[in-house]
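In what follows, a single structure is set out as structure tokens and then discussed.
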Amino acid sequence: MSNASTPQSDQELLNARLEQANQQLLQSEKLAAIGQLAAGVAHEINNPVGYVYSNLQTLDTYLNDLFRLTEAVDSARSLDDLRVIKQNIDYDYLRDDLRDLLAESREGIERVKTIIAAMKDFSHIEEEEFKPADIHRGIETTLNVVNNELKYKAEVVREFGELPEVECIISQINQVVMNLLVNAAHAIESFGRITIRTRQQGDTAIIEVQDTGKGISPEHRHRIFEPFFTTKPVGKGTGLGLSLSFNIIEKHQGSLDVDSTPGEGTCFRLTLPITQPDPNNE
Amino acid sequence: MIKIQLVDDERNILSALRRLLKPEGWEVHTYDNVEEALGSLLEHEYAVIISDYRMPTADGVTYLQFAKQRQPDAIRLVLSAYGDRESMIKAINQAEVHRYLSKPWEDHEVVSVIRSAIDLYQLKKENQRLRQENDRQKDMLRAREEELLRLEAENPGITRVQRDADGSVLIGNDD
């Protein structure tokens with residue numbers, strides 16, 4: 001206040017602090033969202049773990065049966081004795097089922113692996129810089145994380161167009177897509193459809209998330225991007241999802257638009273520039 | 001033969017359970033969707049019905065409520081990876097399940113719970129059979145009594161046979 005140079009640096013300091021607070025808010029919203037997904041993710045993992053675990057116990061019984069046969073090779077008096085054992089342990093069934101058992105168990109472990117990898121991709125704190133990224137891969141990762149929130153509420157339809165790599169902070173774009181998907185699922189009362197559409201339009205990439213849910217009523221329409229505005233029951237939403245999504249997209253020099261008809265559904269449209277405009281040219 | 005119905009939208013869960021139950025010698029029917037499972041309730045009589053909780057189109061509790069209407073004697077179990085309070089309360093109060101099992105499960109626990117469910121089912125059935133038998137015998141007794149009363153009304157004294165000291169039947173006025 002006393003000299004002329006401080007306001008400038010004060011403002012820079014405040015801006016830096018604001019930026020930092022924004023980052024923290026973004027991160028905590030992401031963690032809150034993951035926390036809300038945790039029960040669903042546990043379900044998603046317990047299913048494959050359930051059958052793999054049971055299959056391993058069955059495998060133990062199968063192995064004991066097979067060992068009974070192989071060990072009898074030394075002790076059996078005739079080939080007929082061996083044949084009797086082979087028949088007793090239902091060898092033909094066992095041989096066929098072993099392959100299925102192993103294939104299904106591998107599939108289960110693969111699924112657990114995919115979910116864990118997606119969670120990890122998703123909760124990345126680093127990668128705060130703009131880099132060319134594969135949007136479709138990001139959407140698939142996000143779908144893996146929220147699969148459990150979606151699959152009981154909607155059929156997920158992918159209508160992916162041709163997209164070049166888009167210069168963005170992919171972890172943040174994933175977070176926006178996750179918000180849109182979870183919102184879409186929450187908007188559907190019994191069972192509906194969620195369509196994810198992508199396409200290139202000029203020098204922008206467009207991602208649309210459309211649901212067949214209950215829609216946004218006109219009086220709520222202008223408030224959806226306000227921080228802490230939510231129509232969800234306590235504990236279901238932070239009220240920050242869309243407002244942070246809006247900030248993220250703004251930072252990407254893109255736009256987030258909504259089209260909604262009460263009773264028919266909602267479509268959120270995310271428009272991102274494929275290459276970030278050079279800040280020096282502005 | 002004891003029939004068991006398994007309902008889960010995850011096919012690999014059904015295969016694992018089928019493997020687990022094969023040595024028990026029960027007839028195991030598996031369904032990966034609620035619609036077909038419902039249909040089969042019209043064709044087969046099940047001793048035990050085991051359903052997942054979270055499934056697309058209908059949750060396990062809703063399915064088991066339907067199953068309870070169609071086959072009230074079948075013992076209902078839930079096998080779920082989603083053990084929250086709300087789902088358990090619904091399962092107990094609305095679908096009146098015998099046990100709530102969670103995924104991942106212990107094989108021996110699942111088998112022993114199904115065995116006890118089958119025992120309970122057979123006890124219920126035996127109880128019903130005995131009650132029917134009892135009702136049938138009561139009806140027979142009542143019919144006989146009515147016949148005796150009718151005879152007595154038509155011919156007073158006919159139902160009371162009197163004999164003398166050496167066992168001969170006495171006919172005529174006895175007083």
Side-chain angles (χ1 to χ4, degrees), chain A residues 36 38-62 64-65 88-90 93-94 96-112 115 147-156 185 188 190-194 233 235, chain B residues 4 6-25 28 30 32-35 50-63 77-88 90-91 100-114:
Chain A
Q36 278 163 7
V41 171
H43 176 264
E44 205 56 9
I45 289 179
N46 276 341
N47 259 316
V49 168
Y51 63 75
V52 172
Y53 185 55
S54 177
N55 283 345
L56 282 178
Q57 294 173 69
T58 305
L59 185 63
D60 193 41
T61 343
Y62 286 2
N64 284 334
D65 281 349
N88 279 344
I89 64 172
D90 206 348
Y93 166 81
L94 208 141
D96 288 348
D97 197 47
L98 257 175
R99 290 183 208 285
D100 292 344
L101 185 154
L102 287 177
E104 285 164 19
S105 302
R106 180 169 303 140
E107 192 187 318
I109 294 295
E110 288 288 341
R111 254 183 49 200
V112 173
I115 296 163
N147 183 34
N148 197 70
E149 300 297 312
L150 308 184
K151 72 174 174 189
Y152 302 103
K153 296 303 282 291
E155 169 200 4
V156 176
I188 292 168
S190 49
F191 196 83
R193 195 173 58 244
I194 297 175
Chain B
I4 295 180
L6 306 176
V7 188
D8 198 309
D9 60 320
E10 178 91 57
R11 282 197 193 158
N12 291 349
I13 292 274
L14 295 174
S15 314
L17 289 172
R18 198 182 255 291
R19 276 182 198 112
L20 168 63
L21 301 182
K22 189 174 183 284
E24 303 296 322
V28 178
T30 58
D32 66 2
N33 68 81
V34 166
E35 290 73 17
I50 305 167
S51 173
D52 183 19
Y53 181 71
R54 282 194 89 173
M55 292 181 288
T57 71
D59 69 49
V61 168
T62 312
Y63 173 68
L77 306 173
V78 167
L79 176 64
S80 170
Y82 201 71
D84 68 328
R85 216 172 93 93
E86 193 196 350
S87 73
M88 288 189 199
K90 264 177 80 185
Y100 194 109
L101 296 162
S102 53
K103 292 175 191 163
W105 64 86
E106 290 294 337
D107 280 359
H108 62 88
E109 192 190 339
V110 169
V111 172
S112 76
V113 165
I114 296 178

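In the text below, chain A, chain B and the rest are named by the order of the sequence lines, each starting its count at 1.
- Looking at A:E104 and B:R19, a side-chain N of the basic residue comes within less than 4.0 Å of a carboxylate O on the acidic one, giving a salt bridge.
- Salt bridge present: B:E10 and A:R111 bring a charged side-chain N and a carboxylate O closer than 4.0 Å.
- The number of heavy atoms from other shown groups lying within 6.0 Å of CD (B:E86) does not exceed 12.
- The part of A:D90 that comes within reach of chain B is its side chain, from C-beta onward, which places non-hydrogen atoms under 4.5 angstrom from that chain.
- Without hydrogens or angle criteria, A:D97 side chain to A:Y93 main chain gives no donor-acceptor distance under 3.5 Å.
- Contacts of A:E107 with chain B are made by side-chain atoms alone, with heavy-atom separations under 4.5 Å and no backbone atom involved.
- Proximity to chain B (any heavy atom under 4.5 Å) is shown, for A:L101, by both the backbone and the side chain.
- For chain A, the nearby part of B:D9 is the side chain; its heavy atoms alone come within less than 4.5 Å.
- Ranked by heavy-atom pairs shorter than 4.5 Å toward chain A, the options B:E106, B:K22, B:M55 are led by B:K22.
- What you find for B:L101 and B:E109 is that their closest heavy atoms are CD2-OE2, 3.8 Å.
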